[in-house]
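Only this structure's heavy atoms are used, side chains among them; waters, hydrogens and symmetry mates stay out.
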Amino acid sequence: MKRALCIFSMAALSACAKREDPAWAKMPAEGTTGDSTVTGTPMRVVRFATPPAIDGKLDDAAWSQAISTSAFVEPGDGAEARTHEVAAFAKLGWDDQKLYVGAVIFDRAPFSPFTSGDVDPHCWEKSSALEVMLQPGDPGDNRDYYEMQFDVHGAAFDTHWDDYNTPITTGGAGKVFGHQEWSSKAERAAWVSDGRFYSVEVAIPWSAFAPGRTAIPPKAGDVWRLDLYSFKEGQRLSLAWSPIRGQGNFHKSARFGRIKFE
């Protein structure tokens with residue numbers, strides 16, 4: 001059975017910690033709206049000259065250059081949700097080796113029963129986590145996309161789907177969602193500020209993705225489809241970068257935002 005490569009670290013601030021959150025952990029006043037990128041101008045993803053250290057904090061110089069998403073919104077109708085229990089925003093970057101995702105999630109009591117060594121645990125059922133849905137290229141269909149969930153304890157669920165929610169099969173251990181033998185091989189870390197937020201950094205190697213209808217790694221100017229979700233409590237509490245707007249579920253690639261590599 002596969003084991004995802006990872007680095008996991010967590011630090012909790014003491015009760016006497018500063019009241020002010022660090023600058024990198026503050027919700028941006030403005031940001032790129034996933035909803036507007038669906039058919040409009042894609043979100044720009046900057047190339048990192050020097051990659052960030054994957055320690056869970058977004059305090060590296062690289063992240064200060066990255067463009068921020070807007071605050072995540074209600075998944076169904078896109079309503080503003082800046083004070084939600086899993087309010088969040090994210091930043092993206094890339095280089096020739098990896099795609100970088102950094103997110104701050106204002107979950108004041110994040111929870112996970114899993115560890116970073118667990119293989120494909122059902123994060124969506126029990127964890128506080130960030131979900132990354134990624135479709136290489138902008139093909140205009142729902143084929144050939146990837147789902148990755150990274151929780152507050154460094155656990156990861158990742159799989160590769162052929163088409164919209166397809167395949168789902170039954171194995172000896174129960175349901176198998178997509179091709180769970182696939183691994184993102186993601187390096188990841190989470191950092192917890194007690195009672196305020198947690199942050200997640202993920203570095204996904206391009207080598208994890210199978211060559212298909214678009215160049216991997218991408219070239220400058222290429223456009224891909226991507227969506228981001230924050231969630232907890234079996235996804236009863238969840239937010240999205242680009243809302244679904246009544247079109248299926250979190251897997252509907254027509255509702256993923258669009259990103260453009262620079």
Side-chain angles (χ1 to χ4, degrees), residues 1-10 54 56 75 86 88 90 98-103 105 107 110-136 142-192 198-210 212 216 225-240 248-253 256:
M1 186 175 289
K2 71 177 177 64
R3 286 193 177 274
L5 302 178
C6 69
I7 293 177
F8 172 70
S9 65
M10 181 182 294
I54 305 301
V86 292
K98 298 175 181 178
L99 171 68
Y100 301 92
V101 183
I105 301 169
D107 180 345
F111 173 78
S112 168
F114 307 121
T115 70
S116 60
D118 289 334
V119 179
D120 283 336
H122 290 187
C123 297
W124 69 92
E125 292 180 345
K126 299 179 179 180
S127 293
S128 295
L130 173 75
E131 182 168 29
V132 181
M133 305 294 285
L134 184 68
Q135 184 181 37
N142 225 119
R143 292 172 48 208
D144 191 25
Y145 66 98
Y146 298 85
E147 176 183 10
M148 295 161 275
Q149 299 180 4
F150 305 104
D151 86 2
V152 70
H153 281 175
F157 172 88
D158 43 24
T159 190
H160 180 201
W161 297 88
D162 294 338
D163 210 329
Y164 182 59
N165 289 312
T166 303
I168 297 177
T169 56
T170 301
K175 283 188 177 181
V176 178
F177 299 91
H179 299 285
Q180 289 182 210
E181 69 276 10
W182 178 79
S183 172
S184 65
K185 300 181 175 66
E187 180 183 358
R188 68 253 186 197
W191 189 81
V192 177
Y198 72 95
S199 50
V200 177
E201 279 183 302
V202 182
I204 308 164
W206 298 120
S207 59
F209 302 106
I216 297 177
R225 289 268 177 177
L226 175 140
D227 213 347
L228 301 165
Y229 298 92
S230 57
F231 63 81
K232 67 184 301 184
E233 297 183 10
Q235 296 189 330
R236 181 184 71 83
L237 298 173
S238 60
L239 293 177
N249 60 22
F250 288 6
H251 290 246
K252 192 68 173 179
S253 70
F256 294 179

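- A distance of 8.0 Å separates CG in Leu130 from CZ in Phe231, rounded to the nearest 0.5 Å.
- Minimum heavy-atom separation, Leu239 to Val86: CD1-O, 3.4 Å.
- Shown here for Gly56 and Glu201, the closest heavy-atom pair between the two residues is N-OE1, 2.8 Å.
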Q: List the steps and the verdict of side-chain contact (heavy atoms from CB on, under 4.5 Å) for His153 and Phe114.
A: CA-CA 7 Å; His153 281 175; Phe114 307 121; 5.6 Å; no
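- The main-chain N or O of Thr159 is never found under 3.5 Å from a side-chain atom of Asp120 such that the two would form a donor-acceptor pair.
- For an aromatic pair to be called close, the ring centres must be under 6.0 Å apart, and Phe157 with Trp124 satisfies this.
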Q.
Ser253 vs Trp161, test: side-chain contact (heavy atoms from CB on, under 4.5 Å). Steps then yes/no.
A. CA-CA 11 Å; Ser253 70; Trp161 297 88; over 6 Å; no
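- For the atom pair CG of Asp151 and NE2 of His122, the computed distance is 13.0 Å after rounding to the nearest 0.5 Å.
- Here CZ of Phe209 is found 10.5 Å from NZ of Lys185. Values are rounded to the nearest 0.5 Å.
- Remark: of the listed residues Ile204, Leu226, Val101, Leu226 is the sole one forming a side-chain contact (heavy atoms from CB on, under 4.5 Å) with Leu134.
- For the side chain to side chain contact (heavy atoms under 4.5 Å, CB included) test, residues two or more places apart in sequence or in another chain that qualify with Phe111 are Pro113.
- Residues Ala156 and Phe150 approach most closely at CB-CD2, 3.8 Å, considering heavy atoms.
- In terms of heavy atoms, Ser183 sits closest to Ala208 at O-CB, 3.7 Å.
- We find the CE-CZ distance between Met133 and Phe250 to be 9.0 Å, quoted to the nearest 0.5 Å.
- Summarising the local packing, NZ of Lys252 is surrounded by more than 12 heavy atoms from other residues, nucleotides or ligands at distances under 6.0 Å.
- Rounding to the nearest 0.5 Å gives a distance of 10.5 Å between CE of Met148 and NE2 of His160.
- Side-chain atoms of Ser112 never come within 3.5 Å of backbone atoms of Val152 as a donor-acceptor pair (strictly under, hydrogens ignored).
- The aromatic rings of Tyr146 and Trp182 are tilted relative to each other, their planes meeting at an angle between 30° and 60°.
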Q. For Asp162 and His179, what are the C-alpha separation, side-chain angles and deciding distance, and is it a side-chain contact (heavy atoms from CB on, under 4.5 Å)?
A. CA-CA 8 Å; Asp162 294 338; His179 299 285; 3.0 Å; yes
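- In this structure, Leu228 and Val132 have side chains that are in contact, with non-hydrogen atoms separated by less than 4.5 Å.
- A distance of 9.0 Å separates CZ in Phe177 from CD in Glu147, rounded to the nearest 0.5 Å.
- Remark: the backbone N or O of Ala129 is not paired with any side-chain donor or acceptor of Tyr229 at under 3.5 angstrom.
- The two residues Ile216 and Ala210 have their closest heavy-atom pair at CD1-O, 3.2 Å.
- Residues Ser128 and Pro110 approach most closely at OG-CA, 3.3 Å, considering heavy atoms.
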**Q.** Criterion side-chain contact (heavy atoms from CB on, under 4.5 Å) on Asn249 and Asn165, from CA distance to verdict
**A.** CA-CA 9 Å; Asn249 60 22; Asn165 289 312; 3.1 Å; yes
